[in-house]
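Indexing begins at 1, ligand by ligand and atom by atom, following the structure's order. What's counted below: heavy atoms across the whole structure, side chains too, no hydrogens, waters or symmetry copies.
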Amino acid sequence: MSDNNAPITSADLPALRERIDTLDSEILKLISERAHCAQQVAQVKTDSDPQATFYRPEREAQVLRRIMALNKGPLDDEEMARLFREIMSACLALERPVKVAYLGPEGTFTQQAALKHFGDSAVSLPMAAIDEVFREVEAGAAHFGVVPVENSTEGIVNSTLDTFMDASLRICGEVVLRIHHHLLVSSNTRRDKISRIYSHPQSLAQCRKWLDAHYPNAERVPVSSNAEAARLIKSEWHSAAIAGDMAAKRYELEKVAEKIEDRPDNSTRFLIIGHQDTPISDDDKTSIVVAMRNQPGALHDLLEPFHRHKIDLTRVETRPSRTGVWNYVFFIDFKGHRDDPQVAAVLEEITLRAAELKVLGSYPVGVL
Ligand SMILES: O=C(O)C(=O)C[C@]1(C(=O)O)C=C[C@@H](O)C=C1
């Protein structure tokens, strides 16, 4: 191979490939050793508790954060963490394969979020509605569920918050996904004759300006999901769909235009729901739902302890209560874990002031 100062030429190719082969052998050996360690961890877990939970979100967040902090390039931190995410996913599948229910059908952004969080080795099960995802996990048919909760342009997903009010499940993680929309067609579509564009209503709204500029006369048809839009156009030669990469791949569609969302920072936050409480990971969030008594100053009374204990609120959402006794409930997300002394003190104070308080979960801030 060339010395350090000489430019690399095609003559170096065989030596470079030989070096890659040697490195791959080392990586292979190390990954196998790591997988062996994970198997031993599983043994320790089952020895101490036959009902042990194998998936440990706080540990996974710590592993990924550490890798990102150690990474010196040339791969960027996210790319490197994504590779380790897959290694961990395979290691966890060796311990016990994880079943994850998500808001389907196949090809939705929620499926993409599930894969981003659990990796490719998880078994993912599409559900037709958000409450079905909850039910599947509550019934034990899936270990975890993934549901959308808020979008940076279109706001809150009300059905997720409403379903939480009656559910017994905990939040054990969050995933934030950059949402990129594409205009997709099938191989049979006459691209110059597009007269109808299908998508989920939120996606149509997120691409409104682009559609006004490029397809002002096409009919915009709202459907139940982007994946459904992608499926529909397979049989219509004059129609296009707005959907993401996952749907494009699943339905073998071609991209006429990429990243057509009006706001480049368009992102959606998803929650991971399950049965278990998650221990502290050192960078956590907590979600609670609170019903206050119907009296003046109730919201102030609720928020004041957070201010006094210097706890950052990341979201406050009001929803009509469905029990009829209390008019409104507040969904609050804040930084910190319920086992942090400061957070525990705030929760204790709120319990005294509120008609009802439910901690939905403390979980690691999304890493990827
Ligand atoms: O540390 C553990 O508890 C493990 O089971 C190992 C491991 C890993 O591969 O690093 C695998 C699955 C868990 O979700 C967390 C981490």
Side-chain angles (χ1 to χ4, degrees), residues 24 26-71 75 77-102 110-125 133 136-137 140-147 169-177 270-287 337-339 360-368:
D24 283 350
E26 280 174 41
I27 294 170
L28 174 69
K29 192 169 143 276
L30 292 174
I31 291 177
S32 302
E33 238 175 79
R34 190 188 192 287
H36 190 61
C37 269
Q39 281 180 314
Q40 289 177 320
V41 171
Q43 191 60 52
V44 172
K45 285 177 190 165
T46 26
D47 284 352
S48 59
D49 174 9
Q51 306 297 321
T53 45
F54 295 95
Y55 171 61
R56 299 291 166 92
E58 78 291 356
R59 173 66 184 153
E60 296 209 351
Q62 286 163 345
V63 169
L64 296 178
R65 283 182 207 139
R66 180 172 169 276
I67 290 298
M68 289 168 101
L70 285 175
N71 181 41
L75 293 180
D77 291 352
E78 261 209 27
E79 191 63 19
M80 191 56 99
R82 214 178 48 72
L83 293 173
F84 275 81
R85 148 88 286 135
E86 284 306 328
I87 294 174
M88 265 197 298
S89 174
C91 288
L92 177 60
L94 260 190
E95 294 185 32
R96 185 182 67 175
V98 175
K99 274 194 258 171
V100 182
Y102 67 93
T110 314
Q111 185 184 21
Q112 202 173 321
L115 280 176
K116 186 176 176 188
H117 190 81
F118 287 98
D120 252 330
S121 302
V123 178
S124 57
L125 313 163
V133 176
E136 197 76 356
V137 181
H143 300 113
F144 299 97
V146 184
V147 288
L169 297 176
R170 320 272 158 75
I171 303 174
C172 44
E174 65 168 5
V175 199
V176 179
L177 200 67
F270 299 84
L271 296 176
I272 314 301
I273 52 174
H275 294 273
Q276 69 197 61
D277 279 324
T278 305
I280 291 179
S281 83
D282 287 332
D283 185 12
D284 300 288
K285 255 187 195 174
T286 298
S287 298
H337 192 285
R338 66 189 298 180
D339 294 341
L360 300 177
S362 290
Y363 48 92
V365 171
V367 181
L368 277 173

Return the residue, atom name and 0.1 Å-rounded distance of the protein heavy atom closest to atom 13 (C) of ligand 1. Glu60 OE2, 3.4 Å
Atom 5 (O) of ligand 1 [closest protein heavy-atom partner, distance rounded to 0.1 Å]: Glu95 OE2, 2.5 Å
Charged N to carboxylate O below 4.0 Å: is that the case for Arg82 and Glu79? yes
Within the 4.0 Å heavy-atom shell around [X], which atoms of ligand 1 are there?
X     : result
Cys91 : 9 (O)
Val41 : 2 (C), 3 (O), 4 (C), 5 (O)
Arg56 : 3 (O), 13 (C), 14 (O)

Among Gln62, Arg34, Arg59, closest by any non-hydrogen atom to atom 16 (C) of ligand 1: Arg59
Are [X] and [Y] side-chain neighbours, meaning at least one heavy-atom pair lies under 4.5 Å?
X      : Y      : answer
Met68  : Glu78  : yes
Val146 : Val133 : no
Thr46  : Phe54  : yes
Leu75  : Leu83  : yes

More than 12 heavy atoms of other groups within 6.0 Å of His36 NE2: no
Does any N/O atom on Lys45 come nearer than 3.5 Å to any N/O atom on ligand 1? yes
